[in-house]
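Along the sequence shown, residues are numbered consecutively beginning with 1. Remember, it's a predicted structure, so these values are computed and weren't measured experimentally.
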Amino acid sequence: MTPTDLDTALMRRAIALARESVASGGGPFGAVVARDGRIVAEGCNRVTVWNDPTAHAEVVAIREACRALASFQLEGCTIYSSCEPCPMCLGALYWARPARLVFACTRDDAAAAGFDDELIYRELALPIEARRLPISTLLRTEGLAAFTDWRAAASRRDY
């Protein structure tokens, strides 16, 4: 897809947010959510500022956009990110279902700056028992009751 002048302007905003984040003590990542050429929400990395490992720029922007649009999905939106999203952010983006994602720097660029997500990408491909993080299951049968409740709930909203 050929980038438009609007794409370029919105990406420049995401990059500016990343630089502003660094200046205010955050990490070098920024994100913009836009729909119909208008900015719906913005986010920058607040991991160390908020002491929240999930406060990546894309997640912050997704949360703000969902609030602004009163929806848990970002249909028709484009996400502009200053860097290729990490596995957590990419998962959040898939759940949010935007129309598209555009990013500036690659995960290799991030790794060169000290942000190496490659371990997570590799770990996700491994069977649970082979991962670095010890993982086990407990009370599966009892836990399945929540799924039974969900299937029976008249008020559920599928996503």
Side-chain angles (χ1 to χ4, degrees), residues 1 3-4 6-7 9-11 13-15 17-18 21 26-27 29-107 110 115 117-159:
M1 181 173 208
T4 65
L6 181 60
D7 287 327
L10 292 169
M11 182 58 72
R13 179 62 188 147
I15 293 167
L17 288 166
S21 179
F29 303 97
V32 171
V33 178
R35 180 190 276 171
D36 299 326
R38 294 184 34 218
I39 294 176
V40 174
E42 299 178 334
C44 61
N45 184 281
R46 306 319 291 157
V47 170
T48 57
V49 175
W50 295 347
N51 293 317
D52 179 351
T54 68
H56 289 203
E58 297 90 345
V59 171
V60 171
I62 289 168
R63 288 174 180 160
E64 291 301 316
C66 288
R67 274 193 278 279
L69 297 171
S71 175
F72 58 85
Q73 294 183 342
L74 299 177
E75 293 174 3
C77 293
T78 298
I79 312 295
Y80 297 88
S81 180
S82 64
C83 190
E84 182 177 357
C86 74
M88 176 186 68
C89 293
L90 192 57
L93 287 163
Y94 272 94
W95 280 114
R97 295 180 176 87
R100 67 186 179 124
L101 163 68
V102 182
F103 60 83
C105 300
T106 67
R107 65 191 196 196
F115 296 91
D117 300 325
E118 197 56 39
L119 168 69
I120 300 169
Y121 282 105
R122 283 193 312 268
E123 287 277 308
L124 291 173
L126 296 173
I128 288 174
E129 62 277 358
R131 295 180 187 170
R132 284 185 180 192
L133 177 65
I135 301 172
S136 61
T137 60
L138 180 64
L139 299 177
R140 179 176 175 264
T141 302
E142 290 179 36
L144 287 172
F147 291 121
T148 300
D149 296 345
W150 169 256
R151 284 190 300 274
S155 62
R156 84 171 191 235
R157 291 178 60 195
D158 292 331
Y159 58 97

> Can you tell me how far CZ of R157 sits from CD of Q73, rounded to the nearest 0.5 angstrom?
8.5 Å

> So, are R100 and D7 salt-bridged, with charged N and O less than 4.0 Å apart?
yes

> Test side chain to side chain contact (heavy atoms under 4.5 Å, CB included) on F72 and W95; report intermediate values, then the result.
CA-CA 9 Å; F72 58 85; W95 280 114; over 6 Å; no

> Does the Lys NZ or Arg CZ of R107 fall within the cation-pi geometry relative to Y121 - under 6.0 Å from the ring centre and within 45° of the axis?
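Satisfied, under 6.0 Å and within 45°.
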
> Using 0.5 Å steps for rounding, measure from the OG atom of S81 to the CZ atom of F29.
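S81 OG to F29 CZ: 8.5 Å, rounded to 0.5 Å.
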
> Rounded to the nearest 0.5 Å, what separates atom CD1 in I128 from atom OG in S136?
9.5 Å

> Verify salt bridge (charged side-chain N to carboxylate O under 4.0 Å, His left out) between R151 and D149, making sure each step is shown before the conclusion.
CA-CA 6 Å; R151 284 190 300 274; D149 296 345; over 6 Å; no

> Walk me through whether V102 and M11 qualify under side chain to side chain contact (heavy atoms under 4.5 Å, CB included).
CA-CA 8 Å; V102 182; M11 182 58 72; 3.6 Å; yes

> Please check if the side chain of E64 supplies one atom and the backbone of G43 the other of a donor-acceptor pair under 3.5 Å.
no

> For residues T48 and G26, report the shortest heavy-atom separation together with the two atoms involved.
OG1-CA, 4.2 Å

> Would a 4.5 Å heavy-atom cut-off, applied to side chains only, mark D36 and C77 as touching?
no

> Verify the neighbour count for atom CZ of R38: are there more than 12 heavy atoms of other residues, nucleotides or ligands below 6.0 Å?
no

> Mind checking whether L17 and V32 have side chains closer than 4.5 Å, heavy atoms only?
yes

> Just how far is it from atom CG of L10 to atom CD1 of I15, taken to the nearest 0.5 Å?
11.0 Å

> For the residue pair G37 and L6, what are the closest heavy atoms and their distance?
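Looks like CA-CD2, 3.3 Å.
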
> For the backbone of L126 and the side chain of R131, can you confirm whether one donor and one acceptor N or O come within less than 3.5 Å of each other?
yes

> Is the shortest heavy-atom distance from the side chain of V60 to the side chain of H56 under 4.5 Å?
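No; the side chains remain at least 4.5 Å from each other.
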
> Start with the C-alpha gap between D158 and W150, add the side-chain angles, then the distance that decides, and say whether side chain to side chain contact (heavy atoms under 4.5 Å, CB included) holds.
CA-CA 10 Å; D158 292 331; W150 169 256; 3.6 Å; yes

> Between T106 and E84, is any side-chain donor less than 3.5 angstrom from a side-chain acceptor?
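On atom types as modelled, these side chains do not qualify, holding no pair under 3.5 Å.
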
> Nearest heavy-atom pair of D117 and P87: which atoms, and what distance?
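What the structure gives for the nearest pair is CB-CD, 3.9 Å.
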
> Please report the closest heavy-atom contact between M88 and P53, naming both atoms and the distance.
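Shortest heavy-atom separation between M88 and P53 comes out as CE-O, 3.9 Å.
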
> What verdict does the side chain to side chain contact (heavy atoms under 4.5 Å, CB included) test give for I79 and L93, after you've listed the backbone C-alpha separation in whole Å, the side-chain angles of each residue and the deciding distance to 0.1 Å?
CA-CA 9 Å; I79 312 295; L93 287 163; 3.4 Å; yes

> For the residue pair A65 and V33, what are the closest heavy atoms and their distance?
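Here A65 and V33 meet closest at CB-CG1, 3.8 Å.
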
> For S82 and G30, indicate whether the former's side chain and the latter's backbone hold a donor-acceptor pair under 3.5 Å.
yes

> Hey, does the side chain of R13 reach the backbone of A31 with a donor-acceptor pair shorter than 3.5 angstrom?
no

> Check whether any side-chain heavy atom of P98 sits under 4.5 Å from a side-chain heavy atom of T78, and report yes or no.
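Not in contact.
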
> Looking only at heavy atoms, what is the nearest atom pair of A57 and N45, with distance?
CB-N, 3.8 Å

> Can you check whether Y80 and F103 have ring centres sitting under 6.0 Å from each other?
no

> Can you tell me how far apart SG (C66) and CG (L74) are? Round to the nearest 0.5 Å.
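Those atoms lie 4.0 Å apart.
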
> Could you check whether any side-chain heavy atom of V59 comes within less than 4.5 Å of a side-chain heavy atom of R46, counting everything from C-beta outward?
no

> Tell me if the OH atom of Y94 is crowded by more than 12 foreign heavy atoms within 6.0 Å.
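Result for OH/Y94: open.
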
